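Please read the structure below before turning to the comments.
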Amino acid sequence: MDTRMAEYIMVILKSRINIMWSWGCKNFVALNDGLQWHVQGYLMNGYVKVLYNIATDAFDVYFLNNKKELVKKVEEVYLDNLVDVIDYNVEKDGSFDYGKRVKEQYSISI
């Protein structure tokens, strides 16, 4: 299996590592054209799968529940938006006051 794309995706994620680790990431698995891992965020507890789509020269991001059933798919995500798209779906979608919730739960402010 060619793991270069999985390694490339990991480099993109690590470029904003503080955000990445806020998702509760674990169990990373290299895929032929991508990467999959488990997340445990405020909005989502399940899996994120990122696959490179050669036809669009972008990524398709799949959000899966813990049974690995598709919950949502976001197509044509470019590398400069990858972390933000994942963060929006895993951690904070604007439907609640994220800063207030973090402060209350962890007794810290962001």
Side-chain angles (χ1 to χ4, degrees):
M1 174 184 353
D2 187 355
T3 62
R4 286 179 288 180
M5 186 54 67
E7 292 167 6
Y8 179 62
I9 293 167
M10 186 60 83
V11 167
I12 295 168
L13 298 176
K14 285 183 176 180
S15 73
R16 296 177 66 195
I17 198 161
N18 291 344
I19 294 173
M20 176 188 155
W21 288 120
S22 74
W23 306 330
C25 298
K26 64 181 181 179
N27 300 329
F28 289 89
V29 177
L31 306 172
N32 273 331
D33 283 325
L35 182 68
Q36 178 177 291
W37 67 95
H38 189 269
V39 296
Q40 188 170 351
Y42 277 126
L43 300 175
M44 182 186 168
N45 184 359
Y47 293 87
V48 175
K49 180 166 55 171
V50 178
L51 297 177
Y52 176 69
N53 185 331
I54 196 167
T56 61
D57 192 28
F59 297 102
D60 293 334
V61 183
Y62 301 81
F63 299 94
L64 313 168
N65 63 22
N66 279 317
K67 295 180 182 179
K68 296 188 179 177
E69 300 165 329
L70 182 65
V71 174
K72 182 176 182 179
K73 178 181 178 184
V74 181
E75 297 176 318
E76 292 189 43
V77 177
Y78 295 94
L79 67 99
D80 58 336
N81 290 324
L82 184 61
V83 172
D84 290 329
V85 167
I86 296 168
D87 194 47
Y88 182 82
N89 287 279
V90 171
E91 193 68 12
K92 53 184 179 184
D93 67 357
S95 65
F96 60 89
D97 185 342
Y98 181 78
K100 180 180 175 185
R101 188 168 172 185
V102 168
K103 185 177 180 178
E104 289 172 356
Q105 185 163 344
Y106 299 109
S107 300
I108 59 172
S109 60
I110 59 168

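Small disclaimer: the values here were computed from a predicted structure and weren't measured.
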| message | Side-chain heavy atoms nearer than 4.5 Å, only ILVMFWY residues, links allowed to pass through others: does that put Ile86 and Val11 together? | response | no
| Should Val74 and Tyr62 count as side-chain neighbours, where that means a heavy-atom distance under 4.5 Å? | no
| request: Let me see the working for Met10 and Phe28 under side-chain contact (heavy atoms from CB on, under 4.5 Å), right down to the final yes or no. | output: CA-CA 9 Å; Met10 186 60 83; Phe28 289 89; 3.3 Å; yes
| Is there a side-chain contact between Lys68 and Gln36, using heavy atoms and a 4.5 Å cut-off? | yes
| Of the non-hydrogen atoms in Ser22 and Glu91, which two are nearest, and what is the gap between them? | O-OE1, 3.2 Å
| Is there a chain of hydrophobic side chains (I, L, V, M, F, W, Y, each step under 4.5 Å between heavy atoms) that links Phe59 to Leu64? | no
| pair Tyr47-Lys49: side-chain heavy atoms closer than 4.5 Å | no
| request: To the nearest 0.5 angstrom, please state how far the CG atom of Leu82 sits from the CG atom of Leu79. | output: 8.0 Å
| request: Evaluate the side-chain contact (heavy atoms from CB on, under 4.5 Å) criterion for residues Leu31 and Leu51: first the C-alpha distance (whole Å), next the side-chain angles of each, then the deciding distance (0.1 Å), finally the verdict. | output: CA-CA 8 Å; Leu31 306 172; Leu51 297 177; 3.9 Å; yes
| Would Tyr52 and Asp57 count as having a side-chain donor-acceptor pair, cut-off 3.5 Å? | yes
| Side chain to side chain, Phe63 and Val90, heavy atoms closer than 4.5 Å | yes
| message | Less than 4.5 Å apart, side chain to side chain, heavy atoms only: is that true for Leu35 and Leu13? | response | yes
| said: Contact between Val50 and Val48 at the side-chain level, heavy atoms closer than 4.5 Å - yes or no? | reply: yes
| query | Side chains of Lys73 and Asp60: does their closest heavy-atom pair fall under 4.5 Å? | reply | yes
| said: Using the rule that Ile, Leu, Val, Met, Phe, Trp and Tyr join whenever any side-chain heavy atoms are under 4.5 Å apart, tell me whether Leu43 and Val77 fall into a single cluster. | reply: no
| query | Hey, any chance Ile12 and Ile17 share a hydrophobic cluster, counting ILVMFWY side chains that come within less than 4.5 Å of each other, even indirectly? | reply | yes
| Interatomic spacing from CG in Asp2 to CG in Asp33 - rounded to 0.5 Å | 8.0 Å
| request: Report the C-alpha separation of His38 and Asn66 in whole Å, then their side-chain angles, then the decisive distance to 0.1 Å, and conclude whether the side-chain contact (heavy atoms from CB on, under 4.5 Å) test is met. | output: CA-CA 8 Å; His38 189 269; Asn66 279 317; 2.8 Å; yes
| task | Please answer whether the main-chain N or O of Val85 pairs with a side-chain N or O of Asn89 as donor and acceptor at a distance below 3.5 Å. | result | yes
| task | Tell me, yes or no, whether the heavy-atom count around Leu70 atom CG, taken from other residues, nucleotides or ligands under 6.0 Å, exceeds 12. | result | yes
| query | Does any non-hydrogen side-chain atom of Met20 lie less than 4.5 Å from one of Cys25? | reply | yes
| What class does the angle between the rings of Trp23 and Trp37 fall in, given that below 30° is parallel, 30 to 60° is tilted and above 60° is perpendicular? | parallel
| field | salt_bridge(Arg16, Asp87) N-O dist < 4.0 Å | value | no
